[in-house]
Amino acid sequence: MDHLRHIAGRPAQFAPGGVGHLVLEVLAYAADEAESRGGGRCVITLHTDGSVSVADDGRGTDTRVDEHGRLVKKPVMATKDLRFFDSPDAERLPDGHPRRGMSVVAALSEWLLHTNRRANGARTQRYEHGVPVSGLVPLPPDGTTGTAVHFIPDARLRTSACAPTRADLTRADLTRWVQHWPHLSVRLDDQRTPRADRA
């Protein structure tokens, strides 16, 4: 909780530039997965309610059964990613700012849904301001694997002077940024625009 509060109290520090940085934090995990598999695809959707979803076709987030028979998911959403968060050598994301991990996205979102499809089953979990408010809810299998993160950024990022009032991700941003990750093919679905104008 201290880690999440630390992030939530400093939106300009942990999401410099606003919503676009949060999207890049999520994309970095999809890019890791794509690189490990020799390639992958991802769809970013900008929803009309101001929320954003990022869905990839990877293996899904690691989920295992513990020694008590309980299903346990790798806790990437609400805990500090020790590879990046406090590391002075952390990877720089395409916006020039350091990568800190998924807990930044969760802590700076009013709500976040993490949907995880793996070979051993599909499940979703809801977070509010980084705190899990549901267990792992089973979903019917659909024959696919991958991870989808759907979140609505904190109102301060959507309306404050440190970020535009729109979800600050454009096709031009995307085209420039995804060159950073040659193994990941990314498509943008901007549902805020008329269907005829979408790519």
Sidechain-backbone polar pair: Glu25 side chain, Val104 backbone, donor-acceptor under 3.5 Å: no
Donor-acceptor contact below 3.5 Å, side chain Arg92 vs main chain Ala90: no
Parallel, tilted or perpendicular: ring planes of Tyr29 versus Phe84, cut at 30 and 60 degrees: perpendicular
Reported CZ-to-CH2 distance for the pair Phe151 and Trp111, which is rounded to 0.5 angstrom: 9.5 Å
Gap separating the CD1 atom of Ile7 from the CZ atom of Phe85, nearest 0.5 angstrom: 4.5 Å
His114 and Thr147: side chain donor to acceptor below 3.5 Å: no
Check: Ala172 main-chain N/O paired with Thr175 side-chain donor or acceptor under 3.5 Å: no
SB check Asp86 Lys80 (cutoff 4.0 Å): yes
Heavy-atom check, side chain of Leu46 versus side chain of Gln191, under 4.5 Å: no
Heavy-atom neighbours of Arg41 CZ exceed 12 at 6.0 Å: no
Which atom of Pro132 lies closest to which atom of Ala78, heavy atoms considered: CD-CB, 4.4 Å
Heavy-atom check, side chain of Leu108 versus side chain of Pro153, under 4.5 Å: no
Shortest non-hydrogen separation from Arg123 to Asn120 and the atoms involved: NH2-O, 3.0 Å
Shared hydrophobic cluster, Val52 / Leu112 (ILVMFWY, side-chain heavy atoms < 4.5 Å): yes
Closest non-hydrogen atom pair, Gly135 against Gln125: O-CG, 3.6 Å
Min side-chain heavy-atom separation Thr124-Asn116 under 4.5 Å: no
Glu110 and His129, any side-chain heavy atoms less than 4.5 Å apart: yes
Pro98 to Leu93 - nearest heavy-atom pair and separation: O-CD1, 4.3 Å
Value rounded to 0.5 Å, distance of CG in Asp2 from CG in Leu4: 9.0 Å
Within-4.5 Å side-chain heavy-atom neighbours: Ile44 and Leu27: yes
Gap between atom NE2 of His180 and atom CG of Asp95 - 0.5 Å precision: 9.5 Å
Any side-chain heavy-atom pair of Val186 and Trp181 under 4.5 Å: no
Arg99 and Asp32 ion-paired at < 4.0 Å: yes
Pair Thr144, Asp142: side-chain N/O donor-acceptor within cut-off below 3.5 Å: yes
Sub-4.5 Å side-chain heavy-atom contact between Val149 and Met102: yes
Evaluation steps, side chain to side chain contact (heavy atoms under 4.5 Å, CB included), between Arg117 and Leu139: CA-CA 9 Å; Arg117 296 187 179 276; Leu139 298 173; 4.0 Å; yes
Common cluster, Trp177/Val19, ILVMFWY with side-chain heavy-atom separation under 4.5 Å: yes
Heavy-atom side-chain contact between Val54 and Asp56 under 4.5 Å: no
Side chain to side chain contact (heavy atoms under 4.5 Å, CB included) between Arg100 and Glu91, worked out: CA-CA 9 Å; Arg100 293 192 171 99; Glu91 167 191 356; over 6 Å; no
Short side-chain donor-acceptor distance under 3.5 Å, Ser53 and His47: yes
Shortest non-hydrogen contact from Leu184 toward Ala34: CD1-CB, 3.9 Å
Option passing ring pair (Phe, Tyr, Trp, His ring centres under 6.0 Å) with Phe14 (candidates His3, His6, His21): His6
Basic-acidic side-chain contact under 4.0 Å: Glu128, Arg126: yes
Spatial distance of atom OG1 (Thr61) from atom CZ (Arg118) [nearest 0.5 Å]: 7.5 Å
Residue pair Cys42, Asp57: steps toward the side chain to side chain contact (heavy atoms under 4.5 Å, CB included) verdict: CA-CA 7 Å; Cys42 185; Asp57 65 347; over 6 Å; no
Side-chain H-bond candidate by donor/acceptor type, Ser51 with His150, under 3.5 Å: yes
Ile152 reachable from Val23 in the ILVMFWY side-chain graph, under 4.5 Å edges: no
N/O donor-acceptor pair under 3.5 Å between Glu33 side chain and Arg59 backbone: yes
Closest heavy-atom pair and its distance - Pro11, Leu157: CB-CD2, 4.0 Å
